[in-house]
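Below is one structure, written out as structure tokens; the observations come after it.
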There are 2 protein chains.
Amino acid sequence: MRLLLVEDELEMATALGAALGRYDMILDHAPTLDHALAALASRVHDGIILDRQLPDGDGLSLIPRVRALKSGIPVIVLTARGAVDERVRGLDMGADDYLAKPFAVEELLARIRALMRRSPDIAPMTARIGKLVFDFDGRQAQVNGQLLDLPRRELLVLETLARRQGRTVQRSTLEESVYGYDDEIQSNSLDAHVSRLRRKLADCGAGVEIHSIRGVGYLLRPSP
Amino acid sequence: MRLLLVEDELEMATALGAALGRYDMILDHAPTLDHALAALASRVHDGIILDRQLPDGDGLSLIPRVRALKSGIPVIVLTARGAVDERVRGLDMGADDYLAKPFAVEELLARIRALMRRSPDIAPMTARIGKLVFDFDGRQAQVNGQLLDLPRRELLVLETLARRQGRTVQRSTLEESVYGYDDEIQSNSLDAHVSRLRRKLADCGAGVEIHSIRGVGYLLRPSP
DNA sequence: CGACAAGGATTGCAGCAACGTTGCGGCGCA
DNA sequence: TGCGCCGCAACGTTGCTGCAATCCTTGTCG
């Protein structure tokens with residue numbers, strides 16, 4: 001999923017980019033309305049996160065133009081102006097949601113998920129690595145459109161790795177998400193699952209590999 | 001437009017009813033989850049405004065049931081609990097918006113308008129998998145134009161699976177949609193229904209199969 | 001350079017939890 | 001009163017999963 005952030009503060013943009021990246025979302029950044037329009041011309045975005053106070057005008061003025069370009073794309077408006085009539089105006093201008101700053105990143109993510117659920121032609125939240133597609137919503141992995149039939153533990157391993165794709169996942173983190181906090185583990189079962197998962201991924205030519213980093217953990221990446 | 005308000009405080013209900021009436025909206029009032037379910041059976045509502053704290057349980061538990069009854073209907077959750085993780089949870093349970101009390105009626109109205117703008121083009125009325133056609137509106141399944149005569153529970157299982165066709169449905173989710181939040185289940189009845197449903201689907205050559213994922217749930221897909 | 005230690009990978013195995021199937025009896029409904 | 005749905009339980013089956021034994025890899029130190 002690829003989102004466009006229209007926001008003049010660089011700090012906010014980098015923070016959001018990092019947070020969204022953790023959920024396999026690509027965030028493009030447009031600091032002004034002009035940049036935003038140029039970016040939207042490519043029509044590659046699945047949603048817009050829109051700040052109101054921009055150097056070259058009110059962000060809301062973008063909405064009619066967005067609708068003209070690509071009608072159904074979801075728009076979330078962010079703003080420091082929290083007054084009710086401002087929110088009402090934003091929503092009636094065609095925004096799909098309106099969030100007042102400061103906000104929790106988790107809430108923004110949840111609201112994005114809620115909107116994406118409603119947009120039929122947008123792919124569900126997925127991670128793509130190599131030929132592997134992991135659908136976090138449906139909790140399943142596919143290779144070439146073929147469902148990968150994985151048992152629970154292996155699925156949990158793959159899910160956790162896919163969430164942090166390209167970055168190292170500490171061994172303890174992995175254990176925590178595969179087993180509960182309460183579930184105790186006394187041997188190298190985790191390694192065993194990783195091993196079996198590796199075999200299955202290789203067998204179906206997923207084009208990904210689970211790379212191990214000695215003393216730290218694992219990471220999922222496309223195979224060379 | 002006709003909305004259903006699920007809320008135990010009479011005061012709030014009458015106030016909202018009056019406010020919405022000014023915009024030519026009809027507001028039906030259900031003080032409990034049971035009332036809400038009964039009201040929803042009529043299928044005349046275009047949206048749901050849902051309070052969380054109800055005499056007979058958490059309002060959120062209504063959402064899966066709503067989705068089973070009529071898929072795409074917009075749900076706005078109201079609550080006094082304003083914590084971020086509560087909001088995230090509500091949205092991820094399938095709510096379309098989440099508003100903390102106290103709120104301005106104007107904002108609620110604007111959010112309803114925003115949702116209504118989106119609602120017509122969502123949620124296909126029928127699902128097609130293999131030779132099976134599931135009509136969510138008429139709540140019936142057909143194979144080769146032939147009506148599949150299924151008992152209530154089996155129909156609910158198939159409906160829930162068809163709604164998320166191709167994606168995994170967790171066992172708990174399935175239980176929630178087939179049995180109510182209040183209806184307790186103490187044995188493997190769900191497995192039994194799945195088993196009988198499988199037989200019927202196979203017998204009439206529906207070209208679909210219910211694939212089970214051990215420890216996770218089931219998924220509906222065309223047979224190989 | 002070679003040996004050793006430590007961490008990781010692999011794999012067979014046994015236990016057991018989850019799943020599938022089926023028959024029975026109760027209960028509601030026509 | 002007959003029919004059929006449904007919850008329940010019993011029992012068979014499957015295959016996941018934790019464990020441990022063994023082998024392999026990597027890094028360190030004399």
Side-chain angles (χ1 to χ4, degrees), chain A residues 139-141 147-161 168-203 208-221 223, chain B residues 41 68 139-141 147-161 168-203 208-221 223:
Chain A
R139 301 200 61 198
Q140 64 191 19
L147 179 71
L148 247 192
D149 200 5
L150 295 175
R152 201 184 48 182
R153 303 292 198 200
E154 289 170 37
L155 193 73
L156 283 166
V157 170
L158 187 57
E159 181 179 7
T160 309
L161 291 175
T168 310
V169 181
Q170 293 197 1
R171 209 189 164 76
S172 58
T173 310
L174 209 47
E175 274 172 10
E176 214 163 64
S177 37
V178 173
Y179 307 90
Y181 300 87
D182 47 352
D183 235 342
E184 287 175 24
I185 186 79
Q186 296 188 345
S187 77
N188 64 342
S189 301
L190 182 63
D191 304 56
H193 289 304
V194 170
S195 171
R196 286 188 269 256
L197 185 54
R198 271 185 178 135
R199 161 162 286 277
K200 283 175 193 168
L201 288 174
D203 280 354
V208 294
E209 65 175 20
I210 299 177
H211 181 71
S212 57
I213 293 166
R214 216 182 161 76
V216 183
Y218 295 94
L219 86 90
L220 188 66
R221 67 178 184 192
S223 22
Chain B
R139 303 199 67 208
Q140 61 189 21
L147 182 69
L148 248 191
D149 197 11
L150 295 175
R152 192 169 105 255
R153 301 294 196 196
E154 288 171 37
L155 191 73
L156 281 167
V157 170
L158 186 58
E159 183 179 10
T160 309
L161 291 175
T168 311
V169 181
Q170 295 197 2
R171 205 189 166 75
S172 57
T173 308
L174 208 48
E175 274 172 9
E176 223 162 52
S177 345
V178 174
Y179 307 91
Y181 41 92
D182 50 351
D183 236 341
E184 285 178 24
I185 187 78
Q186 296 188 344
S187 76
N188 61 346
S189 302
L190 182 63
D191 304 55
H193 289 303
V194 170
S195 173
R196 287 187 267 260
L197 184 54
R198 269 186 181 137
R199 162 160 288 276
K200 282 175 195 168
L201 288 173
D203 282 353
V208 294
E209 66 174 19
I210 299 177
H211 181 70
S212 59
I213 295 169
R214 207 164 241 267
V216 183
Y218 295 94
L219 85 90
L220 187 66
R221 67 177 183 192
S223 20

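Worth knowing before you read on, the calculation uses all heavy atoms, side chains too, and leaves out hydrogens, waters and symmetry mates. Because the structure is a prediction, the values reported are computed rather than measured. Proteins get letters first, then strands, A, B, ... in listed order; numbering begins at 1 in each.
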Practice prompt. Specify the separation, in whole Å, of atom CG of A:D191 and atom P of C:dT10.
Written response: 10 Å

Discussion item. By nearest heavy atom, map A:R152 and A:V216 onto DNA chain C; which one lands nearer the 5' end?
Written reply: A:V216

Worksheet item: Taking only N and O in the side chain of A:Y218, is any of them less than 4.0 Å away from OP1 or OP2 of C:dA9?
Response: yes

Discussion item. Measuring only between side-chain heavy atoms, which start at C-beta, is B:L201 closer than 4.5 Å to B:R198?
Written reply: no

Worksheet item: Is there a side-chain polar atom (N or O) of B:R171 under 4.0 Å from OP1 or OP2 of C:dC19?
Response: yes

Item to complete: Send over the distance from A:K200 NZ to D:dG15 P, rounded to a whole Å.
Response: 11 Å

Worksheet item: So, A:R139 side chain and B:T168 main chain: donor-acceptor pair closer than 3.5 Å or not?
Response: no

Worksheet item: Which whole-number value in Å describes the distance from B:L201 CG to C:dT21 C1'?
Response: 16 Å

Item to complete: Using atom CG of A:D203 as one end and atom P of C:dT10 as the other, report the distance to the nearest whole Å.
Response: 12 Å

Worksheet item: Is any side-chain N or O of B:Y179 closer than 4.0 Å to OP1 or OP2 of D:dG7?
Response: yes

Worksheet item: Counting only N and O atoms by type, is there a donor-acceptor contact under 3.5 Å from the side chain of A:S195 to the main-chain atoms of A:D191?
Response: no

Practice prompt. Kindly indicate whether the side chain of B:N188 and the base of C:dT22 share any N or O donor-acceptor pair separated by less than 3.5 Å?
Written response: no

Worksheet item: Atom CZ of B:R199 and atom P of C:dT22: how far apart are they, to the nearest Å?
Response: 6 Å

Worksheet entry | Euclidean distance, atom CD of residue B:E154 to atom P of C:dG20 [Å, nearest integer] | 14 Å

Worksheet entry | N/O (side chain, A:H193) to phosphate O (OP1/OP2, D:dG18) under 4.0 Å | yes

Item to complete: Whole angstrom is fine here: how far is it from CG in B:L155 over to P in D:dG4?
Response: 18 Å

Practice prompt. Examine C:dT10: is either OP1 or OP2 under 4.0 Å from a nitrogen or oxygen in the side chain of A:S195? Give yes or no.
Written response: yes

Practice prompt. Output yes when at least one side-chain N/O atom of A:S189 is less than 4.0 Å from OP1 or OP2 of D:dC19, else no.
Written response: yes

Worksheet item: Between D:dG15 atom C1' and B:H211 atom NE2, what is the distance in whole Å?
Response: 13 Å

Response to the item:
Result for 5'-nearest mapping on DNA chain C, choosing between B:V194 and A:R196, is A:R196

Worksheet entry | Closest-nucleotide 5' rank along DNA chain D - winner of A:L190 and A:R214 | A:L190

Worksheet, complete the sentence: Scanning both residues in full, the closest heavy-atom pair of A:E154 with A:K200 reads OE1-NZ, 2.9 Å

Fill in: Phosphate contact (D:dC16 OP1 or OP2) by A:R153 side-chain N/O below 4.0 Å
no

Worksheet item: Do A:L190 and A:V157 come close enough that some side-chain heavy atom pair is under 4.5 Å?
Response: yes

Worksheet item: Are any of B:R198's side-chain N or O atoms less than 4.0 Å away from OP1 or OP2 of C:dG20?
Response: yes

